[in-house]
Peer 1: 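Submitted below is the structure of interest, expressed as structure tokens.
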Number of protein chains: 2
Amino acid sequence: MITAERHRTILQLIEQRKIIRIQELVDELNSSESTIRRDLSQLEQKNKLKRVHGGASILHQKKEEPSILEKSTKYLSEKVRIAKYAASLIKDNDCIFLDAGTTTNNMIPYINAKNITVVTNSPSHLKPLLEKEFHTYVLGGFVKPRTEALIGQMAVDTLRKFRFDKSFIGVNGIHLNYGYTTPDPEEATLKSVAMKMGQNVYVLADHTKFHEVTFTQIAELEDAVIITNEADEDTINDFKEKTSIEVIDK
Amino acid sequence: MITAERHRTILQLIEQRKIIRIQELVDELNSSESTIRRDLSQLEQKNKLKRVHGGASILHQKKEEPSILEKSTKYLSEKVRIAKYAASLIKDNDCIFLDAGTTTNNMIPYINAKNITVVTNSPSHLKPLLEKEFHTYVLGGFVKPRTEALIGQMAVDTLRKFRFDKSFIGVNGIHLNYGYTTPDPEEATLKSVAMKMGQNVYVLADHTKFHEVTFTQIAELEDAVIITNEADEDTINDFKEKTSIEVIDK
DNA sequence: AATTTTATGAATGATTTTGATTGGTTTTGA
DNA sequence: TCAAAACCAATCAAAATCATTCATAAAATT
């Protein structure tokens, strides 16, 4: 095995296991202890890992996936303004579906309607929803790690039992040709059904979502009203030909 | 296990359990007491945890008065000891049902089995469950305010689709004539179905639950194994005639 | 082909980590 | 309060890990 190949493999293994022992590497790479030691020294020199007694560990300040917290701080004010407007659409006695995601989560504190019923696929929405004393239902099914969203056949089955006055959906991409998209096919299915079950359907999206396309299509543009802000006029006009857009002013 | 690996694991465990005894770490990490002691000193030096007599505890970022845990002479409360024992019953690859409630919640950090699948009716269990990287399913349905437990027909319907190797149930009363009881009829129904779907059924109960009766019956005594501690001998013997009891010693 | 450069694995003694032991201190329970 | 039990800090020898050196083999350069 060539040096570069070993280095690549070592970094991969550390990425997966966070910490790895020298002896493990000796066994798995069929190299001598000396060689592995040299590899680790070199990789540490290049700041690719941290040497620890007995092995090596992943770098502490390794760039993490944009966590839910970071995501929510970056575009906070924009997302909050969108959320606040969306919340104002909810009227007394409405039955609504609230998709998982930070934007929809931001809606909850701003909902002023009374006696509403909320269905969600996000366990993280439950706490704020119950604080508002809404009638709250959650879908069942597999809990997707990291995002804590419910997905899968079981969640979809549960969802089909409901009809909503309004559905509020988050998406990852909005595109003139490809419509609304999201990376995870399972999530796409669920969002799609949630949209079908809603009398009025709203997609919440900040300006970064426009012209973006991700892996799976949820629905066509005309299947929902887009709620956004700060998009440029050309973009707005392009999309206005296909569906309604409600633009919140600054 | 190398030093860095142990340190990482120790911090993870403390994050989950808030407090941990040296002896627990000795057992779970297969290291000597001396080594664990050194680890804890080093981690305290780096301000990653707080040393307490007999073990270590998580740092309080919020200015709280010294927690009950630190002050308490027994580090593990009655409920935690029951939970820990129950957790030890779970084996690799098991599919289990975990009822809502604090005792069952306490089980989660102590589950050491790998590759298990957990179904729960408690959204509050999800965070610790996902931290452990279990395959996690949650029932759907109406979310009962205050307790955040899922109840109702829809939850029961979802539940019926599963079969469990083991079901862990919390109850409010255990009585020689009236069996297991709980105040809310809807909850009782769900617990009852969860018990039917389990190959092995365990009821977790501290000594205060014995001879108590509440509004709705969940099941007969013989439908479950009781896990408890510190109950007096007469009580234990009375119940032993009807079903199995596993008593945790001090 | 001859020479230089680079990579490898074994051997070395130095350094760090580990677990057992000792004796002192704190906690517990009566 | 007191004695037993549990816990702790300090020490030390054994084990594991480490940096260094050296000889050989492979690759690159001339």
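Order of the sequence lines fixes the chain letters, A, B, ..., with proteins taken first and strands second; residue numbering starts at 1 for each chain.
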Peer 1: How close or far is atom P of dT6(C) from atom NE2 of His7(A), stated in whole angstroms?
Peer 2: 15 Å
Peer 1: For Glu24(B) and dC7(D), give me the distance from atom CD to atom C1', rounded to whole Å.
Peer 2: 15 Å
Peer 1: If you look at every strand shown and take non-hydrogen atoms under 4.0 Å, does Arg21(A) touch a base, only sugar-phosphate, or nothing?
Peer 2: nothing
Peer 1: Could you tell me how far apart Gln23(B) (CD) and dC7(D) (P) are, to the nearest whole angstrom?
Peer 2: 7 Å
Peer 1: Does Gln45(B) CD have over 12 foreign heavy atoms under 6.0 Å away?
Peer 2: no
Peer 1: Within the 4.0 Å heavy-atom criterion, would you say Val26(A) contacts the bases, only the backbone, or no part of the nucleic acid?
Peer 2: nothing
Peer 1: Is the NZ atom of Lys114(B) crowded by more than 12 outside heavy atoms at less than 6.0 Å?
Peer 2: no
Peer 1: Below 30° counts as parallel, above 60° as perpendicular, anything between as tilted: where do the rings of His135(B) and Phe142(A) land?
Peer 2: tilted
Peer 1: Taking CZ from Arg37(A) and P from dT21(D), how many angstroms apart are they, rounded to a whole number?
Peer 2: 16 Å
Peer 1: Can you check the Arg51(B) CZ to dA6(D) C1' distance for me, whole Å?
Peer 2: 13 Å
Peer 1: Taking CG from Leu29(A) and C1' from dT8(C), how many angstroms apart are they, rounded to a whole number?
Peer 2: 14 Å
Peer 1: Quick one, give me the B/S/- string for nucleotides 12-25 of chain C, reading 5' to 3', where B means a protein heavy atom under 4.0 Å from the base and S means that only happens at the primed atoms, P, OP1 or OP2.
Peer 2: ----SSBBB-----
Peer 1: Give, for atom CG of Leu13(B) and atom CZ of Arg6(B), the distance between the pair rounded to the nearest 0.5 Å.
Peer 2: 13.0 Å
Peer 1: According to the salt bridge (charged side-chain N to carboxylate O under 4.0 Å, His left out) rule, which pairs have a member within residues 120-146 of chain B, sequence neighbours left out?
Peer 2: Lys127(B)-Glu131(B), Lys144(B)-Asp184(B), Lys144(B)-Glu187(B)
Peer 1: Could you tell me the separation between the CD atom of Gln45(B) and the C1' atom of dA9(D), rounded to a whole number of Å?
Peer 2: 14 Å
Peer 1: Below 30° counts as parallel, above 60° as perpendicular, anything between as tilted: where do the rings of His175(B) and His211(B) land?
Peer 2: perpendicular
